[in-house]
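Structure, as structure tokens:
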2 protein chains.
Amino acid sequence: MFGERGCILTTEPEGQHGGEPLRAKRSRRKRRSVTVSTVAKAAGVSRAAVSFAYNAPEQISADTRSRILQVAETLGYSPDPIARLLNTRHTDAVGLLMVEPIEAAFADPFTTAFVRGMGRMCDQHGLALTLLPPRLGSSVRTIQTAIVDGIITLGLTPESPFLSALKRRHLPLVVVDGAPSTTWHSVLVDDEGGAYAAAAHLAALGHRHVAIIAFDSPPEDPHRYSRDVTYVTAQRLAGYHRGLAIAGERTEIEQIESHSDIASGQAAMSQLLERAGTTPTAVLAMSDAIALGAMRACDQHGLRVPNDISIIGFDNIPEAALATPPLTTVSQPIAEKATRAMRLMLQLMESPDPLPFEQIMLPTTLIIRESTAPPKGDLRHAGK
Amino acid sequence: MFGERGCILTTEPEGQHGGEPLRAKRSRRKRRSVTVSTVAKAAGVSRAAVSFAYNAPEQISADTRSRILQVAETLGYSPDPIARLLNTRHTDAVGLLMVEPIEAAFADPFTTAFVRGMGRMCDQHGLALTLLPPRLGSSVRTIQTAIVDGIITLGLTPESPFLSALKRRHLPLVVVDGAPSTTWHSVLVDDEGGAYAAAAHLAALGHRHVAIIAFDSPPEDPHRYSRDVTYVTAQRLAGYHRGLAIAGERTEIEQIESHSDIASGQAAMSQLLERAGTTPTAVLAMSDAIALGAMRACDQHGLRVPNDISIIGFDNIPEAALATPPLTTVSQPIAEKATRAMRLMLQLMESPDPLPFEQIMLPTTLIIRESTAPPKGDLRHAGK
DNA sequence: CTGAAAGCGCTTACAG
DNA sequence: CTGAAAGCGCTTACAG
């Protein structure tokens, strides 16, 4: 019925709306056709009166008001939100500053979960939510031009030039998964503790050769790309090493990097498995998305989880419990992280004065499911 | 290490930034401390010069420019994006108008997939993506106040008062999953055809008692709530009935409604199963999210899919193929739907003149996996 | 290459 | 309850 590319029907625009351009060419100056003045004139009142009709009904008689609204209706007028912005100074939108493109970010269900959490608060307070990806590679320009009432950053380590650009905007700012600080509001989870618990679990099971699949650095800041590492990554790495260390010096640790999505995790794990040398008996993945991908790679390579290899994720996204086998992971309260950040944001938006900087740290917990077991041939646990 | 509610450290704001409010109280008029004038004065140039330094480097000597930027830097100045908006008239953001709250919308992976598709185009063109949920229950106010360069609606049947509010904004508008029209740009998939294929598949397998789990009406417009039905729902319903009809008049059809997420689908299916009377031998779910939930409900009630009951979804989200058993479903090109809508949007944003209204219709295809089989005890297919 | 001026479309004290 | 006026902070022809 339809060709490969779908079918397109085209209709010429009709008379009524056909005459006026829907939007002027980017470069050309455009005048609005009908403004407050038009309406005021037509209704025989002052411009203030029509403004009052919309924003301060109590300042005006009900009759006048309805007459004005009536005239506006027939003229097809509604107040230009951009113009009013200059006075009211609030956009009724909060921005989520991301470290990577939207498409890449939403490849990890973590992002969806976080946005849902923010969304709940936005919905309650009648706010829009603006996704702010790096504009053409850099976040600086994004920060400078974002039309929002406040910014929540996710995964951004607020180093210069970001922090200075952010501060310059004099906008409420909450830094999630950035770094703790005494000069901005931060929301974090106990990444180190969670990673520790995961690694200690592996060590206790008897694993002595484990691979860590860490986050690759976000490409968002070309200067930092694959040079150093975000705070969260560093914390988890520290936790992993501390946990593995309880088995003594004997543990062999290798580390590779992956973007946090299933396909990348799968690719990274495949590469690891195809590498010369012995295969690790367990892997610590920095996200469930990566872990899920790693499980697929194992499957493809004929390795059974957890019999041949153990895998632990991080996040506890809904998909983790549903995987086959169900994934052992470090649970973090994703939605709560988002709502706490939003709560802070709402306070900042209301408050005329600066608030004491809060550092919120939420707990993480290891959830042991079925993707982890003692290493094959480990006699100490053979009975288990 | 941490209490149930996490731990909060509080720091007093420091001197440097502590003095000035991050944001003025909503109601109070706020003046910016440092504006073009401040910078112009400090640099000994005109205000136009400092504007040129940012927007038209070629209009000004390189020396002057760097001096101005230097002064701006030390003054902590950057141009107010809101003020410049009134002149430039573009926000560099496109809006996604949703029919339900953000949290509810993202409960269906379909939404994530669609946003990723839009995001890809936004990323390429340096645009932000503003999620526009109904503001306090109604989309009209959202439409009136959205600060965006164009609006893509998803799932909204553009009836008054929405359409008139939308037209009044004179913004580029693309209606996805709304309804075809000759007065707006629309992007749809062949819902009727896809639904038909799904139902015909069931009929051919021998099912004569099927349940349809349809979308409930979005609560977004109180007047339409649970009274009538969106175009997409109507189309799929029509396709289902046409497909089922190939088996003759004998087929018993029942219909229930559900929000499009796993939990709701599960609840709806449970209710159906716990109802008095005979259980249908197959179910047609309007989304994979609902179908996945229905599968869980069957599992809970001791029904095996597809042996005891067949289930077909709609969308072909990534999760569908991974389910146990893999879900038979109607595949629609979610990402392409989004990118086509964005492509149209970008054209509209560039074009000074109105473009002929396009109706884009993308194909759907039935993907037969393992959640469908002949009904139990159906002799005609017993050998299969 | 620069400066004084007008203007973007609205809101909001202020005086009636 | 209303009207004339100032102003939000910037950009952009225009004349030098």
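Given the structure is predicted, the values throughout are model-derived calculations rather than measurements. A note on names: the letters A, B, ... follow the listed sequences, proteins ahead of strands, and every chain is numbered from 1.
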**OP:** Indicate the atoms forming the closest heavy-atom contact of B/S139 with B/M98, along with that distance.
**Re:** OG-O, 4.0 Å

**OP:** Heavy atoms only: give me the nearest A/M118-A/A338 pair and the separation to one decimal.
**Re:** N-CB, 3.5 Å

Original post:
With a 4.0 Å cut-off, would you call B/R141 and A/D92 a salt bridge?
Top reply: no

**OP:** Identify whether the distance between the nearest side-chain nitrogen and carboxylate oxygen of A/R168 and B/E73 falls below 4.0 Å.
**Re:** yes

Subject >> Closest to side chain of B/N87, choosing from D/dC10, C/dG9, C/dT11 >> reply: D/dC10

Find the distance between [atom1] ([X]) and [atom2] ([Y]) and round it off to the nearest 0.5 Å.
X      : Y      : atom1 : atom2 : value
A/I147 : B/D80  : CD1   : CG    : 8.0 Å
A/I102 : A/T111 : CD1   : OG1   : 11.0 Å
B/L166 : B/L173 : CG    : CG    : 4.5 Å

**OP:** Considering just the side-chain nitrogens and oxygens of A/R84, establish if one lies under 4.0 Å of OP1 or OP2 belonging to C/dT11.
**Re:** yes

Tell me: [atom1] of [X] to [atom2] of [N], nearest whole Å?
X      : N      : atom1 : atom2 : value
B/Y54  : D/dC10 : OH    : P     : 9 Å
A/L86  : C/dT11 : CG    : C1'   : 10 Å
A/H170 : D/dG9  : NE2   : C1'   : 14 Å
A/R89  : D/dC8  : CZ    : C1'   : 7 Å
B/D80  : D/dC8  : CG    : P     : 12 Å
B/E58  : D/dT11 : CD    : P     : 14 Å
B/L85  : C/dC8  : CG    : P     : 15 Å
B/H90  : C/dC8  : NE2   : P     : 18 Å

Original post:
Hey, where does DNA chain C pair up into stems, meaning at least three consecutive Watson-Crick or G-U pairs with distances under 3.5 Å?
Top reply: C:1-3 with D:14-16, C:5-12 with D:5-12, C:14-16 with D:1-3

Original post:
Should the pair A/F106 and B/F106 be assigned to parallel (<30°), tilted (30 to 60°) or perpendicular (>60°) ring geometry?
Top reply: parallel

Do any N or O atoms of the protein come closer than 3.5 Å to N or O atoms of nucleotides 2-5 of chain D, and which pairs are they?
{"unit_1": "D/dT2", "atom_1": "OP1", "unit_2": "A/T64", "atom_2": "OG1", "d": "3.1"}
{"unit_1": "D/dT2", "atom_1": "OP2", "unit_2": "A/S61", "atom_2": "N", "d": "3.4"}
{"unit_1": "D/dG3", "atom_1": "OP2", "unit_2": "A/S46", "atom_2": "N", "d": "3.2"}

Subject >> B/T64 and B/S61 side chains, donor-acceptor separation under 3.5 Å >> reply: yes

Subject >> Residues from residues 68-79 of chain B lying under 4.0 Å of DNA chain C - heavy atoms >> reply: none

Original post:
Under the side chain to side chain donor-acceptor pair (under 3.5 Å) test, which residues partner A/R65, sequence neighbours left out?
Top reply: none

**OP:** Among residues two or more places apart or on two chains, list those pairs meeting salt bridge (charged side-chain N to carboxylate O under 4.0 Å, His left out) that have a residue in residues 33-60 of chain A.
**Re:** none

Original post:
Does any pair with a residue in residues 123-134 of chain A pass side chain to side chain donor-acceptor pair (under 3.5 Å), and if so which ones, sequence neighbours excluded?
Top reply: A/T130-B/T130

Subject >> Distance between C1' atoms of C/dG16 and C/dT12 (Å, rounded) >> reply: 16 Å

**OP:** Using a 4.0 Å heavy-atom cut-off across all strands, classify B/T35 as base, sugar-phosphate, or nothing.
**Re:** sugar-phosphate

